[in-house]
Amino acid sequence: MTAGIALIFIMRDFIQDTMGRLIFLYFIAALAFRIDAKLPVAAAIMLLAGASVMISKNEAFANSLAIYAYYFLVIGAVQNLIEYVSKKKKTEGPKDEELLLIGEKRRFAEPEKSRIIAIASGKGGVGKTTIAANLGASLAELGKRVILIDMDLAMPNLEIITGLKTPPAGLIDVLDGTKKLEHVVYSGPSGVNVIPPGVMLEGYSEGNTEKIRALFKDFPLKSDYMILDMPPGREAVNVLSEKMEALLVVNPDKASILDALNMKMILSRKDVNILGIILNRAQRNDEKWIDEIERILESPVVAFIPESIVVREALHNEECFVEAQPESKPSKEIMNLAKEISVNFTYSSNNKAQ
Ligand code: ADP
Ligand code: MG
């Protein structure tokens with residue numbers, strides 16, 4: 001556009017003669033199809049058409065029409081420039097330096113392969129999103145490169161807890177081919193990288209499931225951990241596959257534990273390695289549940305997170321409690337879990353059911 005304006009300036013004497021007017025006409029026509037400011041351009045075209053009709057009858061008049069056309073064109077170009085700049089500002093995603101671009105921002109040695117850990121449960125509302133965000137932030141605190149992916153296409157809320165407000169694009173835009181993956185990665189707490197789902201009306205349709213599976217197979221961004229905040233239900237499990245791992249979140253109630261057992265069986269059928277169980281929203285005397293959970297689910301309870309005001313407050317403030325209240329009991333539990341995960345590759349004794 002700037003080049004267009006410069007060209008008009010350079011040509012402003014030249015456009016006074018007939019040959020110049022023809023070229024100028026051609027130039028306007030080209031611009032008219034390419035720029036948004038259609039009104040001033042249309043006015044310029046009409047004036048120029050008038051000028052070319054008048055040229056043989058009244059040259060002076062035709063010349064002044066051409067000059068007015070030129071002014072309209074400049075107005076159009078300026079208007080277009082303003083629209084272009086303001087539109088760009090509105091739709092601008094995160095700046096390049098805010099993007100993941102792992103390896104450029106932080107130069108860790110690349111791991112053989114990133115570990116993909118799904119935070120799953122049988123039932124909704126048990127604390128998956130809360131745990132996914134805080135576990136991701138804890139691993140990032142330990143210096144790991146973490147990508148948190150919100151797999152809840154219908155009710156995404158990882159964005160809230162990681163303070164992203166309304167990210168302009170997400171996974172769906174990558175599946176559609178309209179965005180590159182690195183352009184839907186946002187900076188979250190403790191340097192964790194977050195991929196929101198975007199507006200995905202069809203949810204886990206067959207097409208989307210296939211595309212997500214393909215994306216995971218050949219994930220273009222490097223990281224140490226990918227933490228998947230899973231939705232409740234079994235549809236999303238279809239994107240998981242062997243070599244992936246899972247943590248099952250349960251609350252201290254029978255329904256939640258039996259639903260988790262169901263989920264565990266589905267995951268085991270997919271050869272997903274169950275790292276352990278997180279007992280969340282527990283009361284002080286709920287430790288008695290640990291044995292029962294381990295017996296029913298045949299997996300170790302790897303974290304015991306109490307029902308806590310710290311968790312609720314952090315959600316309310318749109319932040320991670322491991323950052324806001326690192327000394328609290330929930331933070332210590334999650335931090336310990338993060339350390340265990342990063343030290344032990346797997347909890348090898350946990351898949352007795354397989
Ligand atoms: P899910 O992702 O499994 O649906 P969420 O992480 O969204 O569950 O949690 C559901 C609700 O429970 C949220 O309001 C969250 O703040 C609350 N919550 C989760 N864990 C705790 C906890 N340990 N103490 C208090 N509130 C909790
Ligand atoms: Mg959730």
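Atoms within a ligand are numbered from 1 in the order they appear, just like the ligands themselves.
- Below 3.5 Å of separation, one finds an N or O of Asn280 facing an N or O of ligand 1.
- The protein heavy atom nearest to atom 14 (O) of ligand 1 is Leu315 CD2, 3.5 Å.
- Of all the atoms in ligand 1, the ones that sit under 4.0 Å from a non-hydrogen atom of Thr130 are 5 (P), 6 (O), 9 (O), 15 (C), 19 (C).
- When distances to the Mg ion (ligand 2) are checked against a cut-off of 2.8 Å, Thr129 contributes an N, O or S atom below that limit.
- Using a 3.5 Å distance cut-off with no hydrogens or angles, the side chains of Thr129 and Asp229 do pair a donor with an acceptor.
- Heavy atoms of Ser308 come nearer than 4.0 angstrom to ligand 1 in at least one pair.
- With a heavy-atom cut-off of 4.0 Å, Val249 does not touch ligand 1 at all.
- Taking distance alone, with nitrogen or oxygen atoms compared against 3.5 Å, Gly124 stays at or beyond that limit from ligand 1.
- Listed here is the closest heavy atom pair of Ala137 and Val192: N-CG2, 4.2 Å.
- When heavy-atom distances to ligand 1 are checked against a 4.0 Å cut-off, Pro306 comes that close only through its backbone atoms N, CA, C and O.
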What do the steps show when you test Glu292 against Lys288 for salt bridge (Lys or Arg N to Asp or Glu O under 4.0 Å), and what is the final call? CA-CA 7 Å; Glu292 183 149 9; Lys288 61 180 184 299; over 6 Å; no
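- In terms of protein heavy-atom proximity, atom 8 (O) of ligand 1 is closest to Gly127 N, 3.0 Å.
- Regarding atom 4 (O) of ligand 1, its nearest protein heavy-atom neighbour is Gly125 N, 2.9 Å.
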Kindly determine whether Arg312 and Glu307 satisfy salt bridge (Lys or Arg N to Asp or Glu O under 4.0 Å), including the steps that lead there. CA-CA 9 Å; Arg312 282 197 298 273; Glu307 170 77 29; 2.5 Å; yes
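- Checking Ser121 against Lys128 by side-chain atom types alone, a donor-acceptor pair falls below 3.5 Å.
- Side-chain contact annotation: Lys270 with Ser241, donor-acceptor N/O pair under 3.5 Å absent.
- The distance criterion of under 3.5 Å between nitrogen or oxygen atoms is met by Val126 with respect to ligand 1.
- For ligand 1, the polar-atom distance check finds no N/O of Asp229 at less than 3.5 Å from any of the ligand's N/O atoms.
- Looking at Arg312, Arg281, His316, it is Arg281 that brings a heavy atom closest to atom 11 (C) of ligand 1.
- Gln325 and Ser331 share no donor-acceptor pair across their side chains, judged by distance under 3.5 Å alone.
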